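These notes concern the structure reproduced below.
In each ligand, atom 1 is the first atom listed, and ligand 1 is the first ligand listed. Quick caveat: nothing in here was measured; it's all calculated off a predicted structure. The basis for the numbers below is simple: all heavy atoms, side chains too, and nothing from hydrogens, waters or symmetry mates.
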Amino acid sequence: MLKTRHLIDPMDFTVEELEEVFQLAGQIISNPREFSHICDGKILATLFYEPSTRTRFSFEAAMLRLGGNVLGFSEPNSSSVAKGESISDTIRTVACYADIAVMRHPKEGAPRIASMYTDMPVINAGDGGHQHPTQTLTDLLTIRNVKGRLSGLTIGACGDLKFGRTVHSLIKALSRYDNNRFVLISPEELKVPYYIINEVLAKNNIEFQAAERMEDVLDTLDILYMTRVQKERFFNEQDYIRLKDSYILDNDKMKLAPSNMIVLHPLPRVNEIDYEVDNDPRAYYFKQAQNGMYVRMALIIKLLGLV
Ligand code: CP
């Protein structure tokens, strides 16, 4: 059983604990029926203060496929949040009804605050531009399944690396495995925050380079992790309009990439991956979305202490 009761930051689990989650996810993929009643009688609460398709649906599908039930909101104004209820009061109340909770919130740190007010496991489903640890579990499981390892890889992260919480979490997580190298592809205005450079990459002597053009570096990559330029994180619409189409991956650019490079994207996409790339066997983003459900099934089982 995992020592950590909550998952707020990707570093809350040790590498060994993550491996346990991935192995369990593999067992679930191979034999889903074996797990179809393991959460009978358990309830998952989904508290989504921001929109979501994959994270909320995959958590709900995960709990339903484990035999449990779900309740929650996808729109905070349909709850007493609209009357001004605090995060601490909301989570204490939800803990009266549910066994485990998932929270997405636009404010960085909100799920951590929630976790401080309850013994019920709380999972961060994305907090502002900060972290998205279950997306990272999804990404790592996909990389591990396709590449057979989580070390010795060159990972290109492309797009909005400033506000892109999935990239922040992924860099943190992959920095714990040996001999990984990062290529950070972004416009000047959307570079990775200094805290990731200083406290994660430089501090751990992880090799990295910055690039502005993906064409210059595509041939060096094992993984290309595309991200959306997120309109909702910009204060100024003009800046968003100027930067939104900085990178568009299409079949011509894919010709520059190695035959065994894989393309990941946390989704949703807007324009950054042309639909024509979907037919390329190196496009793994929908498989990645499916893996998100399996790894969340494993996470729920672990956090509830059921294996
Ligand atoms: N990847 C991801 O977080 O997608 P959603 O915003 O649809 O949940």
Within the protein, residues bringing a heavy atom under 4.0 Å of ligand 1, chain by chain: S52, T53, R54, T55, R104, H132, Q135, P266, L267
Flag if over 12 foreign heavy atoms under 6.0 Å of OH, Y284: no
Pairs involving residues 57-68, ordered by first then second residue, that meet side chain to side chain donor-acceptor pair (under 3.5 Å) (sequence neighbours left out): T46-E60, R56-E60, S58-R296
Candidate pair N291 and T142, rule side chain to side chain donor-acceptor pair (under 3.5 Å), full reasoning: CA-CA 7 Å; N291 283 339; T142 305; 2.9 Å; yes
Set of residues satisfying salt bridge (charged side-chain N to carboxylate O under 4.0 Å, His left out) with respect to E19, sequence neighbours excluded: R144
Check: residues 101-112 side-chain donor-acceptor pairs under 3.5 Å, at least two apart:
| unit_1 | atom_1 | unit_2 | atom_2 | d |
| --- | --- | --- | --- | --- |
| R104 | NE | A125 | O | 2.9 |
| R104 | NH1 | P51 | O | 2.9 |
| R104 | NH2 | T55 | OG1 | 3.0 |
| R104 | NH2 | A125 | O | 3.2 |
| R104 | NH2 | H132 | NE2 | 3.2 |
| H105 | ND1 | K107 | N | 3.0 |
| E108 | OE2 | G129 | N | 3.2 |

Parallel, tilted or perpendicular: rings of Y195 and H168 (30°, 60°): perpendicular
